[in-house]
Amino acid sequence: MKKFLGLILLALSAQSFAQDIAIIPAPSSVVAAKGTFTLNPETNILVDFPDHKAVKLFTEFLKKNGYNNTIVNINATGTKPANVKNAIVLQTTFTGGAVNNENYELKVTENQVVVNGKDAGLFYGIQSLMQMMTPQKKGYATIPCATIKDAPRFAYRGMHLDVSRHFYSVDFIKKYLDVMAMYKLNTFHWHLTDDQGWRIEIKKYPKLTQIGSNRAQTKVGSYSGGTTDGLYDNTPYSGFYTQDQVKEIVAYAAERFINVIPEIEMPGHSVAAISAYPILSCDPSKSYKVAETWGVFTDVYCPTDTTFRILNNILDEVMEMFPSKYIHIGGDECPKDAWKKSGFCQQLIKDSALRDEAGLQSYFIRRIERHINAMGRRMIGWDEILEGGVAPNATIMSWRGENGGIAAAQLNHDVIMTPGSGGLYFDHAQSTNAQEPLSIGGDAPLSKTYNYEPVPSVLNADQAKHIIGVQANLWTEYIATPAKAEFHLLPRMLALSEIAWTPAANKNYKQFSEKRVPKHLAILESKGYNYRVPDIEGVSDTTLKGSDFKFEMNPGVEGAHVYYTIDGHTPRETDMWYTEPLRIKVPAGKKIDFQCITITPGGKRSNLVKMVLDNSGQ
Ligand code: ACM
């Protein structure tokens, strides 16, 4: 009996160690052990590569958080890490050999912490280590003992941002890259041009930013009807990045092992560029203005030699600024109206023996791909570039569901999965609740994002290898401020990171959302990020019939409280604070108006829940 009890206790305590380890994305393997390592002012940081970006990350983190530890170069000093008690050892001798050296090992014992990985591997090992640290008094932190072996599931782990519809500052982009790096995302897809604004300086074509980065005003509210139909804000809007700023961002990202892929949209979504240079259109005699509302526009690039010369020159400057192997050329949502009306286009279709305007789109993309390939780079396009015949070396981003991605993988093209239907359009609302802010579309709750599986089961093993990764997109038609961008990003980006990194077999939504996300949201809040406060677990807007009710509620953010009222008032910090399972008895013939809300220490609020507890007998 005693032995049996001991086993139960052991099992319970192993479980509680595991709960202390709240790493997102969940690693491939975590073996929790008893005990903790304590970082204290005497702890030395032993490194074999002092200039490594990961060492810089860790030393900056320590300094910023009030730790003042000595860094020791073990090669220069001849130090043998094994002989040093009380050390954090950062090593680059790891020979695990996964893709791009992104894998690492992290071992925590009571005497030492050892993180070992090359390149990005060491950086990611340190991200995991920082997530495991629980600060104590100044200069002290505890780290639970464990052995972690970790490697990414996908080589491409992307987060997109549209800066055309709304412009985001260099500082905001850096903050965005910081949070991507925390969660081991390695690709920033920067959507730099669209109908509503051209946002990157091109020295050869200055009007692209002089004219194309400015719109006279912006549509208010929903673009598709409603009470704000026809309403504009009468306020000029502008913004672009200089080439120096672009290079600064590319370098900042590279410090964090993030590759930046620029997107220069063509042949559609090009009204801003056409406004600056009407010669790019099929009717240069018309005058054009940068779009003031959202949607898809019929003024698109005309496939003339002049257009290709200009676009190739633009791409050459872009490739100078971005070392990325991949260059994104858009290719989505290109209406064919202008090409149908254009004598030039119709003649080109005949002369080039193209079937129709879809063939002309394919001709356009192939011609651009030849230029990109000639410069030693690879082209990415949205899945419309499959129409009329895919360009020979293109990588496809599957956004209109998975069919484009499946077709491309079957044609042996690489694919990045980013379907709106998979909860990867972060501009969509996070629930169907009317309290969600104005959003461009649908319902993409955290659970939907989390449960997305990027490899469609119809693919065979060889085809499945072409799914190189997964990405979420943040389109900003209705996202005009950093606070709203972060609200739409978080916590869904944490779910994206787990789809992209964690072996599918290790995923567990309940454990993720109930145990790990609440801790991370508290940390993100302390770092100054906005986020959507999760819905309160255990209650929902509904009417319940009966006389005797019991609720267990979970606030979803560590340190936050659920406040409630039973008198019809909107709950605030001054109302009752939920601390233990709540019993409410409703007298016969009465109804109780129960309302609750989560409020975080920083004052962020969840959606308000209203529940009627009805014992009226009707
Ligand atoms: C897209 O969402 N139009 C790629």
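Quick note: numbers below take in every heavy atom, side chains included, and nothing from hydrogens, waters or symmetry partners. Indexing begins at 1, ligand by ligand and atom by atom, following the structure's order. Along the sequence shown, the residues carry numbers beginning at 1. What you see is a predicted model, and the numbers here were worked out from it, not measured in a lab.
- With sequence neighbours left out, R605 forms a salt bridge (charged side-chain N to carboxylate O under 4.0 Å, His left out) with E573.
- Under the 3.5 Å distance criterion, the side-chain polar atoms of D195 are matched with a main-chain donor or acceptor of V271.
- Screening L489, N530, I479 for a side-chain contact (heavy atoms from CB on, under 4.5 Å) involving K484 leaves a single residue, I479.
- Protein residues lining ligand 1, listed by chain and number: D332, E333, W382, W399, Y425, W475 [non-hydrogen atoms, distance under 4.0 Å].
- Counting only distance, with no hydrogens or angles, the side chain of H328 and the backbone of P262 share no donor-acceptor pair below 3.5 Å.
- For K175 and E486, the salt-bridge test passes: some basic side-chain N is under 4.0 Å from an acidic carboxylate O.
- When only modelled atom types and interatomic distance are considered, E436 and S431 share a side-chain donor-acceptor pair under 3.5 Å.
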